[in-house]
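What follows is one structure encoded as C-alpha cells, with my remarks underneath.
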Amino acid sequence: MLKIPCRSYATNLTDDELILLDAMFDKRRTMKQLRAVNFGEAINFPPEYIHQLDDYDLRDAMGSLVARGWVDIEKGDGRTTYGLTTAGGELWERERQPDWDRYVRSSSWCERIEGLDQWLAEVMSPSVEIAAAFYSSDRDVKIYKTGLTILDDYPLLYWKTFPTVYQILAPYSPLMDWPSVDWEVYEQNRVWWRDLMELGGLPEK
C-alpha cells in the first residue's frame, strides 16, 4: 500500500520544509518544479501532499534551507537546480527514518552492442537480496543472464555514499504487447522501496 511516511518530529522542520526535502531526496529539482502549481505533477506526489507556499514564500523557504546548509544550488546546462547537502540528507533521514537495506534504484536504457541495439536493465541496492527480489519481479528481464558487480563507497544517491552497493545488470527485452504491471500483485510482493510513497507503505519485516 502506497502512503506518505510518518514524520518522527525529531527536527524543527516545518511541514512545508519537509515536503520540499522529500521532493529532493532522490534527485535535484528546479524552482519551477517546486512551485505549488507544478509540484504534484513534477514530483509525482499525491494531490493532498503539496506544500502551501506561494511563489514568494517558496523562494524565501528555499533561501532559508540554503542558508542553513541543508540545500545547495547548482548552475549548469542553462538551468539552476536545488538539491540536498549531506547535512540536509541527514536531517531528512532523521524525519523519515528510511530502511536503506531495502532501498533499490532501478533504470533501463538502450545501447549499441556489437552492431545491435540492446536494452539493459539495472537494479542497485545496499542489499543483494533486495536487488535480486526486485529483479525476480520483472518478467521481462532475462534473469539467467544477469551480472553482479559489487561497488565500494558508491554514491547511490547524489548526496549519500554507501559502503557497499550491489549492481545487477541484465539484458532487457521490452515487448510492445507485454502485459502492463499488475500493481496490486506488485504491492503484495513488494519488500523494497524506491520512492517516498513506497517507503511509507513498506511492509514491516
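This chain uses plain numbering: 1 for the first residue, then up along the sequence. What you see is a predicted model, and the numbers here were worked out from it, not measured in a lab.
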Are [X] and [Y] linked, directly or through other ILVMFWY residues, by side chains that come within less than 4.5 angstrom of each other?
X: L157; Y: I43; result: yes
X: Y135; Y: W193; result: no
X: Y158; Y: I73; result: yes
X: L156; Y: L21; result: yes

Review point. What class does the angle between the rings of W100 and W92 fall in, given that below 30° is parallel, 30 to 60° is tilted and above 60° is perpendicular?
Key: tilted

Return yes if some donor-acceptor pair links the side-chain N/O of [X] with the main-chain N/O of [Y] below 3.5 Å, else return no.
X: Q52; Y: I50; value: yes
X: D77; Y: R79; value: no
X: S8; Y: R94; value: yes
X: Q167; Y: L151; value: no
X: Y166; Y: A132; value: no

So do the side chains of [X] and [Y] get within less than 4.5 Å of each other, counting heavy atoms only?
X: M24; Y: W159; answer: no
X: E17; Y: E95; answer: no
X: E74; Y: T80; answer: no
X: E198; Y: Y186; answer: yes
X: Y82; Y: L20; answer: no
X: L2; Y: R190; answer: yes
X: E90; Y: E93; answer: yes
X: L84; Y: L91; answer: no

Review point. Can you check side chain to side chain contact (heavy atoms under 4.5 Å, CB included) on V104 and M124, steps first, answer last?
Key: CA-CA 6 Å; V104 297; M124 307 184 80; over 6 Å; no

Atom of [X], atom of [Y] and distance for their closest heavy-atom approach:
X: D101; Y: I130; value: O-CG1, 3.4 Å
X: L58; Y: L53; value: N-CB, 3.9 Å
X: L199; Y: P98; value: CD1-CA, 4.0 Å
X: L202; Y: D99; value: CD2-CB, 4.2 Å

**Study point:** Reported CZ-to-CD1 distance for the pair F39 and I19, which is rounded to 0.5 angstrom
**Key:**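 Taking CZ in F39 and CD1 in I19, the distance rounds to 6.5 Å.
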
Can you name the side chain to side chain donor-acceptor pair (under 3.5 Å) partners of [X], sequence neighbours left out?
X: Y49; answer: D22, R96
X: D15; answer: R7
X: R35; answer: D55
X: E129; answer: S127

Exercise for review: With sequence neighbours left out, write down each residue that passes side-chain contact (heavy atoms from CB on, under 4.5 Å) with D152, or none if nothing qualifies.
Suggested key: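 Applying side-chain contact (heavy atoms from CB on, under 4.5 Å) to D152 gives I150, T164.
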
Exercise for review: Please report the C-alpha distance between S125 and F134 in whole Å, then the side-chain angles of each, then the deciding distance to 0.1 Å, and finally whether the side chain to side chain contact (heavy atoms under 4.5 Å, CB included) criterion is met.
Suggested key: CA-CA 10 Å; S125 175; F134 183 88; over 6 Å; no

Check your understanding: Is the CD atom of Q188 crowded by more than 12 outside heavy atoms at less than 6.0 Å?
Key -> yes

Show every donor-acceptor pair shorter than 3.5 Å between a side-chain atom in residues 26-34 and any protein atom, with sequence neighbours excluded, or say none if there are none.
from: R28; atom 1: NE; to: T81; atom 2: OG1; distance (Å): 3.0
from: R28; atom 1: NH1; to: D72; atom 2: OD1; distance (Å): 3.0
from: R28; atom 1: NH2; to: D72; atom 2: O; distance (Å): 3.3
from: R28; atom 1: NH2; to: D72; atom 2: OD1; distance (Å): 2.8
from: R28; atom 1: NH2; to: T81; atom 2: O; distance (Å): 3.3
from: R29; atom 1: NE; to: A23; atom 2: O; distance (Å): 2.8
from: R29; atom 1: NH2; to: A23; atom 2: O; distance (Å): 3.4
from: T30; atom 1: OG1; to: Q33; atom 2: N; distance (Å): 3.1
from: Q33; atom 1: OE1; to: T30; atom 2: N; distance (Å): 2.9

Point to revise | is_close_aromatic(W192, Y103), centroid dist under 6.0 Å | key: no

